[in-house]
Amino acid sequence: MSVHDDTPAPFLQHEWVRWRDVDPVGIMRYDAYLRFLELGEEELVRASRLPMWDGAGAEIWLPRKVVHLEYHAPCRLGDRLALASYIGRLGTSALTLHLDVLTADGARLLAEAHMVIVAASRDGRLAKVALPEAIRAAAAPWTLPPAEARARAAERLAGRTAAP
């Protein structure tokens, strides 16, 4: 979020394409994008104080139901990338976490990923249950449609708006 208002915005961080992330010709492998998705999830949970690892864990599980990844342009060894994490949809029993992989200046979308995280009972049945209010409240400031999230990320990365 911006320092000057409470308008939702994606969580931004930078990461390098590392040696372990690339194939023999220096292009980032698919599993490295999943590492970025996990990194984006972890940092968004930390920044938003989403109670996904502690408080909610006592009452529900939060399994991943869907992971989807689309490539737009290759990332190469040594590239510095911007990762924009946000919640594209906050439903009754699930949320959709998005991760956009951008050039470091935000000028170009290189890949996009999302995963659907479902609230499920811990009784062994994994029956779908409502998202706890604590998760819904913590997620709200980070929830916005992908097109709007990308525009806000590009503005912040280009230095046109304040960082959170």
[X] side, atom [atom1]; [Y] side, atom [atom2] - distance, nearest 0.5 Å:
{"X": "L69", "Y": "L37", "atom1": "CG", "atom2": "CG", "value": "8.5 Å"}
{"X": "R18", "Y": "M28", "atom1": "CZ", "atom2": "CE", "value": "11.5 Å"}
{"X": "F36", "Y": "D31", "atom1": "CZ", "atom2": "CG", "value": "11.0 Å"}

Exercise for the section: Examine the side chains of D21 and Y33 and answer whether a donor and an acceptor come within less than 3.5 Å of each other. Expected result: no
Practice task
Mind running side chain to side chain contact (heavy atoms under 4.5 Å, CB included) on V67 and L34 for me, showing each step along the way?
Solution key: CA-CA 9 Å; V67 175; L34 296 178; 3.7 Å; yes
Handout entry: N-O pairing of E43 and R46 below 4.0 Å
Key = yes
Problem - Residue pairs passing the salt bridge (charged side-chain N to carboxylate O under 4.0 Å, His left out) test where at least one lies in residues 130-142, sequence neighbours excluded - result: none
Fill in the blank from the handout: Scanning both residues in full, the closest heavy-atom pair of A104 with H14 reads O-NE2, 3.3 Å
Exercise for the section: Return the minimal non-hydrogen interatomic distance between A119 and I60, and the atom names on each side. Expected result: CB-CD1, 3.9 Å
Handout entry: Criterion side chain to side chain contact (heavy atoms under 4.5 Å, CB included) on L157 and L12, from CA distance to verdict
Key = CA-CA 8 Å; L157 290 166; L12 295 174; 4.0 Å; yes
Practice task
Evaluate whether atom CZ of R108 has more than 12 neighbouring non-hydrogen atoms of other residues, nucleotides or ligands under 6.0 angstrom away.
Solution key: no
Exercise for the section: Enumerate the residue pairs fulfilling side chain to side chain donor-acceptor pair (under 3.5 Å) with a member in residues 109-118, sequence neighbours excluded, ordered by first and then second residue. Expected result: H72-E112, E112-R150
Please confirm whether the backbone N or O of [Y] pairs with a side-chain atom of [X], one donor and one acceptor, at under 3.5 Å?
{"X": "S48", "Y": "A139", "value": "no"}
{"X": "D79", "Y": "L81", "value": "no"}
{"X": "R29", "Y": "V22", "value": "yes"}

Exercise for the section: Taking the side chain as every heavy atom from C-beta outward, state whether L99 and L39 have any pair of such atoms under 4.5 Å apart. Expected result: no
Handout entry: Co-members of V118 in a cluster of I, L, V, M, F, W and Y side chains, linked at under 4.5 Å
Key = V66, V116
Handout entry: Derivation of the side chain to side chain contact (heavy atoms under 4.5 Å, CB included) call for D100 and Y86
Key = CA-CA 9 Å; D100 294 336; Y86 55 96; 3.0 Å; yes
